[in-house]
Amino acid sequence: MSGIATRITSCECLGNALNLNNVEIEHIILDNHTEKLRIYKVLLQWKSKKEFIDQPCTLYSLLHEVREAGVKCCWESIVEFIEKKVCIS
């Protein structure tokens, strides 16, 4: 998650895109002092909620939701990160 978090620009946009409610997003913002940490915590909250309702929380499902919502991020950097993680050349 941390590798993806550094490539996304706004925790609020991401939280909304991943269907976190405003209270969850506000708690994340208040409890964490940097935007990158906030984004990471949003990703962890999304993962936790998906697991709780027994839905897949794969990298593919995450990126699909982020892309569909139009969240600003560095897609080239994300692809590069994924390629390194799964050793695709």
Measuring from [X]:[atom1] to [Y]:[atom2], what's the distance to the nearest 0.5 Å?
X     : Y     : atom1 : atom2 : result
Asn32 : Lys41 : CG    : NZ    : 5.5 Å
Glu26 : Asn21 : CD    : CG    : 10.5 Å
Lys50 : Leu62 : NZ    : CG    : 9.5 Å
Leu44 : Ile39 : CG    : CD1   : 12.5 Å
Asn16 : Asn22 : CG    : CG    : 6.0 Å
Leu20 : Leu43 : CG    : CG    : 9.5 Å

Quiz item: Got a sec: does the CG of Asp31 have more than 12 other heavy atoms crowding it under 6.0 Å?
Solution: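 Yes, CG of Asp31 has more than 12 neighbouring heavy atoms, counting only those of other groups under 6.0 Å.
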Practice problem: Kindly check if the number of other-residue, nucleotide or ligand heavy atoms within 6.0 Å of CD (Glu12) is above 12? | Solution: no
Quiz item: Which residues pass the salt bridge (charged side-chain N to carboxylate O under 4.0 Å, His left out) test with Glu24, sequence neighbours left out?
Solution: Lys49
